[in-house]
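The block underneath contains the structure these notes are about, expressed in structure tokens.
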Amino acid sequence: MKSTSESFYQKVYAIVQLIPRGRVSTYGAIGNYLSARSAARMVGYAMNQAHSAQNFIPAHRVVNRNGFLTGKHHFGSPDLMQQLLENEGIEVQNDKIVDFKKKFWDPALEIV
DNA sequence: GAGGTGACTGCGA
DNA sequence: CTCGCAGCCACCT
């Protein structure tokens with residue numbers, strides 16, 4: 001039923017929820033894993049509905065390619081995203097993830 | 001039915 | 001090195 005891609009979001013949600021604590025991913029990495037080279041916008045768009053999703057989506061673990069908290073404003077509170085990241089042991093300074101490259105989590109590499 | 005937007009990315013000048 | 005533009009796909013009005 002509703003096999004017509006229940007929602008591109010469902011896929012994104014699944015990936016985001018798979019992100020281990022203390023790690024972060026990017027829109028491009030997720031989009032790339034979904035067969036979309038640069039569908040990063042769709043991933044970000046999915047996050048837009050994340051707060052509407054029935055399940056909790058750790059969208060704070062998803063940032064842009066530069067490691068900046070671009071979507072922090074969509075959490076209801078601009079500081080909420082940073083607080084969540086710091087709560088997981090991720091250092092955030094100037095709205096940017098510290099050592100983002102080290103904490104970067106690629107689904108295509110982790111999910112086999 | 002058509003147009004516009006968007007939490008992005010990569011490449012060119 | 002820095003700045004700008006075009007591409008991408010799905011959802012919303």
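Below, chains carry the letters A, B, ... as their sequence lines are ordered, and counting in each starts from 1. Atom set for the values below is all heavy atoms of this structure, side chains included, hydrogens, waters and symmetry mates excluded.
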What is the distance, to the nearest angstrom, from the [atom1] atom on [X] to the [atom2] atom on [N]?
X     : N      : atom1 : atom2 : answer
A:N32 : B:dG10 : CG    : C1'   : 13 Å
A:I30 : B:dA7  : CD1   : C1'   : 11 Å
A:Y27 : B:dG6  : OH    : P     : 15 Å
A:H51 : C:dC11 : NE2   : P     : 15 Å
A:R61 : B:dA7  : CZ    : C1'   : 17 Å
A:Y9  : C:dC12 : OH    : P     : 6 Å

Given side chain to side chain donor-acceptor pair (under 3.5 Å), test A:H60 with A:E88 step by step and report yes or no. CA-CA 10 Å; A:H60 60 271; A:E88 296 189 352; 3.1 Å; yes
If you check every side-chain atom of [X], which of [options] has the closest atom?
X     : options              : result
A:M42 : B:dA7, B:dT9, C:dC9  : C:dC9
A:F8  : B:dT9, C:dA10, B:dA7 : C:dA10
A:Y45 : B:dT9, C:dC11, B:dA7 : C:dC11
A:T70 : C:dC9, C:dC12, B:dA7 : B:dA7

Which is true for [X] with a 4.0 Å heavy-atom rule: it touches a base, it touches only sugar-phosphate, or it touches nothing?
X     : answer
A:N48 : base
A:F68 : nothing
A:A59 : base

When rounded to the nearest 0.5 Å, the distance separating CG of A:D95 from CG of A:N66 is 13.0 Å
> How far does CD of A:Q82 sit from NZ of A:K72, to the nearest 0.5 angstrom?
Replying inline: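 Going from the CD atom of A:Q82 to the NZ atom of A:K72 covers 7.0 Å.
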Would you say CD of A:E86 has more than 12 non-hydrogen atoms from neighbouring residues, nucleotides or ligands within 6.0 angstrom?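 Check passes, neighbour count above 12.
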Hydrophobic clustering (ILVMFWY, side-chain heavy atoms < 4.5 Å, transitive) - are A:I90 and A:W105 grouped together? no
- Rounding to the closest angstrom, what is the interatomic distance between B:dA7 and C:dC3 at atom C1'?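 Between the two C1' atoms, the distance is 23 Å.
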